[in-house]
Amino acid sequence: MTTTLWAVSDLHAAVKRNGPKIDAIQPADPSDWLIVAGDVAERPELIIQVMENLAKRFDTVVWVPGNHELFCRSADRHRGREKYTMLVQAMRAIGVITPEDRYPVFGGMTICPLFTLYDYSFRARDLTVEEALAAAHENNVVMTDEVAIAPFVDIRAWCWDRLAYTTKRLSRINGPTILINHWPLVQEPVQRMQWSDIALWCGTRHTRTWAQRYNAKAVVYGHLHMPGVTTVDGIEHIEASLGYPREWEQHPSAQPFPYPVMEVEQ
């Protein structure tokens, strides 16, 4: 018998047609673990409901937030950093592991849920942040983050705080890891996107060397809605996204969903 570490991301549970896909996320064995790499939903009650259902099915569930979890409106009770803190507390209450908890170990691998955000550094090197954002607006390629996250928190400052916090934690680990983040840690997958301006909201250059530096055997991410495996410097970067119906219908068998990251003998 084997125990499997599965991975999913970008469930977008508010989309009704994604419901059966989410219901079909089931363990092959009761001992199986599940990674959920962000973008479960936007409303806290729906995020918690979906995660609680998954936590009942799997032995262990590991969650990292995506940009959609951070979406806020002016009237919301929790906005910006406060919403993240609230979600961490909610995940802990239902037994889900978050980026603020002790990293668990699966089959000798330290499983590292990360939360790094983005700082607009995935841009042309000859442009400032302001110039790159202005060009994106000019091209009408602007992510919802600019109206649902950015007005409530200094994104770059929060990103840099998370980078410092996370490198300190990762530097204490001995042995192999599996790194989990909603945003890709490297720019190669982003460069395949149709609209280059979207890269501004897709990560940070400062995570470029993390997979090598922290002995990653694999990196799991989401965000791009382009499921697949990109090998960078000999390390697999696995996007485990479901995405929206128009996407998973177009590529129904691009790769397994959930994605089996690794298996160990019981």
Side-chain angles (χ1 to χ4, degrees), residues 9-12 14-15 37-43 64-76 79-84 114-164 166 181-210 219-228 230 232 237 239-248 250-251 254:
S9 71
D10 297 77
L11 299 179
H12 295 289
V15 179
D39 278 8
V40 175
E42 297 76 26
R43 292 185 293 110
V64 300
N67 54 314
H68 280 251
E69 277 93 343
L70 305 177
F71 282 2
C72 301
R73 298 166 298 181
S74 297
D76 288 346
R79 297 174 297 178
R81 298 188 188 220
E82 289 183 0
K83 185 174 185 184
Y84 173 62
L114 315 176
F115 170 41
T116 63
L117 284 158
Y118 57 93
D119 61 359
Y120 308 110
S121 60
F122 282 0
R123 66 182 189 275
R125 292 186 178 273
D126 60 339
L127 296 180
T128 66
V129 170
E130 292 72 24
E131 289 169 342
L133 284 170
H137 280 274
E138 179 92 13
N139 294 331
N140 292 316
V141 181
V142 179
M143 287 191 68
T144 307
D145 301 31
E146 285 303 295
V147 295
I149 302 177
F152 307 107
V153 65
D154 184 330
I155 287 288
R156 282 183 282 176
W158 195 7
C159 175
W160 298 333
D161 286 346
R162 296 300 309 182
L163 292 170
T166 307
N181 197 47
H182 178 66
W183 295 267
L185 298 185
V186 296
Q187 206 164 349
E188 278 84 345
V190 181
Q191 291 169 342
R192 296 198 299 270
M193 301 188 74
Q194 182 177 3
W195 307 105
S196 60
D197 291 319
I198 293 177
L200 293 169
W201 297 274
C202 290
T204 169
R205 292 176 187 164
H206 299 289
T207 59
R208 171 76 201 178
T209 62
W210 282 17
V219 175
V220 177
Y221 69 97
H223 191 59
L224 306 184
H225 295 195
M226 295 166 52
T230 303
V232 180
H237 293 247
E239 178 168 357
S241 296
L242 174 61
Y244 297 116
R246 67 179 182 272
E247 294 162 333
W248 52 255
Q250 185 177 355
H251 304 289

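The first residue in the sequence is number 1, and the count goes up from there. In what follows, every heavy atom counts, from backbone to side chain, and hydrogens, waters and symmetry copies are set aside.
Take H137 and apply the side-chain contact (heavy atoms from CB on, under 4.5 Å) test, not counting sequence neighbours, and it matches V142. With sequence neighbours excluded, the residues satisfying salt bridge (Lys or Arg N to Asp or Glu O under 4.0 Å) with E188 are R208. In terms of the salt bridge (Lys or Arg N to Asp or Glu O under 4.0 Å) criterion, R79 has no residue partners (sequence neighbours excluded). With sequence neighbours excluded, the residues satisfying side chain to side chain donor-acceptor pair (under 3.5 Å) with W248 are N18. Scanning for ring pair (Phe, Tyr, Trp, His ring centres under 6.0 Å) contacts around Y84 gives F115, with sequence neighbours left out. Looking at residues two or more places apart in sequence or on another chain, you find no side chain to side chain donor-acceptor pair (under 3.5 Å) involving R205. H237 is linked by a ring pair (Phe, Tyr, Trp, His ring centres under 6.0 Å) to nothing, counting only residues two or more places apart in sequence or in another chain. F152 meets the ring pair (Phe, Tyr, Trp, His ring centres under 6.0 Å) test with no other residue; sequence neighbours excluded. For E69, the side chain to side chain donor-acceptor pair (under 3.5 Å) partners at least two apart in sequence or on another chain are W63. Annotation: side chain to side chain donor-acceptor pair (under 3.5 Å) contacts of W201 (sequence neighbours excluded): E146.
Between S241 and G222, the closest heavy-atom pair is OG-CA, 3.5 Å. For the pair N181 and W183, the tightest heavy-atom approach, listed with the atom from each and the gap, is ND2-O, 2.8 Å.
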Quick one: do V153 and K83 satisfy side chain to side chain contact (heavy atoms under 4.5 Å, CB included)? Show the steps, please. CA-CA 11 Å; V153 65; K83 185 174 185 184; over 6 Å; no

Mind running side chain to side chain contact (heavy atoms under 4.5 Å, CB included) on D39 and H12 for me, showing each step along the way? CA-CA 6 Å; D39 278 8; H12 295 289; 3.6 Å; yes

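Pairs of residues two or more places apart, or lying in two chains, that qualify as salt bridge (Lys or Arg N to Asp or Glu O under 4.0 Å) and include a residue from residues 149-160 are E130-R156.
Atom CZ of R73 sits in a sparse spot, with 12 or fewer heavy atoms from other residues, nucleotides or ligands closer than 6.0 Å.
Panel note: side chain T204, backbone H206; a donor-acceptor pair is recorded below 3.5 Å.
Under the 4.5 Å side-chain criterion, counting only non-hydrogen atoms from C-beta, D161 is in contact with R81.
Checked against a 6.0 Å centroid threshold, the rings of Y120 and Y118 count as neighbours.
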With a cut-off of 3.5 Å and sequence neighbours excluded, list every side-chain donor-acceptor pair involving residues 192-199.
from, atom 1, to, atom 2, distance (Å)
R192, NH1, T230, OG1, 3.3
R192, NH2, T230, OG1, 3.1
D197, OD2, N139, ND2, 2.8

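With rounding to the nearest 0.5 angstrom, the CG atom of D119 is 14.0 Å from the CH2 atom of W158.
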